[in-house]
Amino acid sequence: MDLSIVIPLFNEDESLPELCAWIEKVMHANNYSYEIILVDDGSTDESWNVVEQLRSVNANIKGIKFQRNYGKSAALNEGFKAAQGDVIITMDADMQDSPDEIPELRKMIIEDGFDIVSGWKKKRYDNTLTKNIPSKLFNAAARQSSGIKLHDFNCGLKAYKKKVVKSIEVYGEMHRYIPVLAKWAGFRKIGEKVVEHRARKYGVTKFGWERFVNGFLDLFSITFVGKFGKRPMHFFGLWGTLAFLFGLTVFVYLTISKFFLDKTGMTQRPLFFFAILAMIIGVQLFLAGFIGELIARNSSERNSYLIEEKVGL
Ligand code: UDP
Ligand code: MG
């Protein structure tokens with residue numbers, strides 16, 4: 001199969017027929033063998049009926065329905081598990097992404113050898129104040145911390161090599177950082193293509209202002225998990241030891257000072273409490289590191305490495 005098109009959707013019944021018809025047109029024009037995987041993320045409108053109806057006239061259309069709304073990441077993850085195509089395309093259901101971009105995206109994966117190609121909505125048709133400006137900040141932070149030079153991490157339109165989607169797990173709200181997840185999994189060829197962006201035709205956006213708070217918090221976690229997820233002690237142990245040693249040094253100084261230098265009582269000096277605090281924090285960080293190590297050791301993913309090739313075995 002050439003292509004799997006994975007579409008997460010939450011209350012998008014109005015756009016689905018039009019979107020699928022457009023995708024089918026592009027598929028036929030290029031003679032692709034394909035599947036469209038519609039993942040209904042617990043819609044409360046007619047979306048699932050529409051999916052079943054679309055399926056009844058085109059067997060290339062497949063559907064998955066969640067019991068309730070779990071979020072875009074879960075929907076993508078489930079779609080990735082089901083996908084069979086050599087190249088997987090993800091796009092939003094709201095017709096903001098154009099299916100006409102698919103052939104070029106596929107070409108970049110198959111011919112140019114990219115692991116991931118991410119869309120870049122260079123010219124956006126969203127509200128400037130609530131979306132475009134925060135999104136610039138957000139992308140700059142993501143570029144800084146991940147070292148991946150993308151302009152638009154969160155673009156819904158992306159293309160993947162099959163191997164990539166089968167080796168990452170998208171959870172929580174990590175759909176914003178799939179290129180980062182892929183990079184940590186060892187996929188380095190991450191490309192970008194300017195894509196056409198359109199105004200939302202039907203329905204309303206499903207993400208409010210919380211997206212920015214959550215987006216930044218997730219950026220911290222993903223950076224931390226990527227770096228220290230499998231060796232927490234290297235983070236907590238380092239800072240714990242430094243804090244403890246710092247406190248201890250101050251303490252020793254205060255002791256010497258009390259008996260041999262100016263002879264003021266230790267507890268009369270603010271520095272004393274500072275030293276105690278540093279030592280307590282140091283010990284706590286160290287213990288957090290130990291607990292982290294215990295958890296990492298018990299995790300089923302403690303040995304999840306990917307073998308790219310083997311010879312003679
Ligand atoms: N979506 C989803 N589950 C959710 C929220 C959104 O599957 O909980 C889907 C939604 O139906 C759409 C895509 O994710 O296909 C992007 O959402 P939206 O267009 O609301 O985001 P925006 O374009 O405003 O960033
Ligand atoms: Mg949208």
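No experiment lies behind these values; they were computed from the predicted model shown.
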Check ion pair Lys72-Asp92 (N to O, under 4.0 angstrom):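 Counted as a salt bridge, because a side-chain N and a carboxylate O are separated by less than 4.0 Å.
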SB check Lys122 Glu192 (cutoff 4.0 Å):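 A salt bridge is absent here (no side-chain N lies under 4.0 Å from a carboxylate O).
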Do the side chains of [X] and [Y] join up, straight or via other hydrophobic residues, at under 4.5 Å, putting them in one cluster?
X	Y	value
Val195	Ile190	no
Ile222	Leu150	yes
Leu38	Trp22	yes
Phe244	Leu242	no
Leu248	Met266	yes

Within the 4.5 Å heavy-atom criterion, are [X] and [Y] side-chain neighbours or not?
X	Y	answer
Lys158	Pro179	yes
Ile102	Met91	yes
Ile178	Phe153	no
Thr255	Phe251	yes
Pro103	Tyr32	yes
Trp184	Lys227	yes
Val87	Asp2	no

At their closest point, which heavy atom of [X] faces which heavy atom of [Y], and how far apart are they?
X	Y	answer
Asp97	Gly156	OD2-C, 4.0 Å
Ala278	Gly247	CB-CA, 3.8 Å
Ala288	Phe236	CB-CD2, 4.1 Å
Arg269	Asp262	NH1-OD2, 4.0 Å
Ile64	Ala82	CD1-CB, 4.2 Å
Ala75	Pro8	CB-CB, 3.7 Å

Under 3.5 Å donor-acceptor, [X] side chain and [Y] backbone:
X	Y	answer
Lys166	Ala83	yes
Glu46	Asp13	no
Arg198	Met95	yes
Arg55	Ile61	yes
Asn11	Asp45	yes
Asn58	Leu54	no
Glu101	Glu196	yes
Glu35	Gln84	yes
Ser299	Ile295	no
Asp41	Asn69	no

Atom [atom1] of residue position [X] - does it have more than 12 heavy atoms of other residues, nucleotides or ligands inside 6.0 Å?
X	atom1	value
Lys136	NZ	no
Gln144	CD	no
Phe220	CZ	no

Aromatic plane relationship, Phe274 with Phe246 - under 30° parallel, 30 to 60° tilted, over 60° perpendicular: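 If you compare the ring of Phe246 with that of Phe274, the planes turn out perpendicular.
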Whether Tyr160 and Phe80 hold their rings parallel, tilted or perpendicular, with breakpoints at 30° and 60°: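 Ring orientation of Tyr160 relative to Phe80: perpendicular.
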Side chains of Trp48 and Glu52, donor plus acceptor under 3.5 Å: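 Glu52 and Trp48 do have a side-chain donor-acceptor pair below 3.5 Å.
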Side-chain donor-acceptor pair present, Asp152, Ser118, cut-off under 3.5 Å: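 No, Ser118 and Asp152 have no side-chain donor paired with an acceptor closer than 3.5 Å.
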Name of the residue among Asn154, Leu181, Asp218, Asn77 meeting side-chain contact (heavy atoms from CB on, under 4.5 Å) with His175: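 Passing option: Asn154.
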Derivation and outcome, side chain to side chain contact (heavy atoms under 4.5 Å, CB included), residues Val39 and Leu76: CA-CA 8 Å; Val39 189; Leu76 286 174; over 6 Å; no
The single option from Arg124, Arg211, Lys121 passing side-chain hydrogen bond (donor to acceptor under 3.5 Å, both in side chains) against Ser135: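 With Ser135 as partner, side-chain hydrogen bond (donor to acceptor under 3.5 Å, both in side chains) holds for just one option, Arg124.
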Audit row: Phe290, Phe286, ring-ring contact (aromatic ring centres under 6.0 Å, His included) steps and yes/no: CA-CA 6 Å; Phe290 265 129; Phe286 210 86; 5.6 Å; yes
Trace of the side chain to side chain contact (heavy atoms under 4.5 Å, CB included) decision for Arg200 with Tyr125: CA-CA 8 Å; Arg200 206 180 221 284; Tyr125 293 90; over 6 Å; no
Criterion side chain to side chain contact (heavy atoms under 4.5 Å, CB included) on Leu271 and Tyr253, from CA distance to verdict: CA-CA 10 Å; Leu271 210 49; Tyr253 159 74; 4.1 Å; yes
Please round to the nearest 0.5 Å and tell me the distance separating atom [atom1] of [X] and atom [atom2] of [Y].
X	Y	atom1	atom2	value
Leu105	Ile110	CG	CD1	12.0 Å
Ser4	Ile88	OG	CD1	5.0 Å
Leu9	Lys206	CG	NZ	9.0 Å
Leu19	Gln96	CG	CD	11.5 Å
Ile168	Lys163	CD1	NZ	13.0 Å
Leu3	Asn30	CG	CG	8.5 Å

Pair Phe138 + Tyr177: ring centers closer than 6.0 Å: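 Phe138 vs Tyr177: aromatic centres under 6.0 Å.
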NZ or CZ of Arg68 within 45° of Tyr70 ring axis and under 6.0 Å: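 Output yes; distance and angle both within limits.
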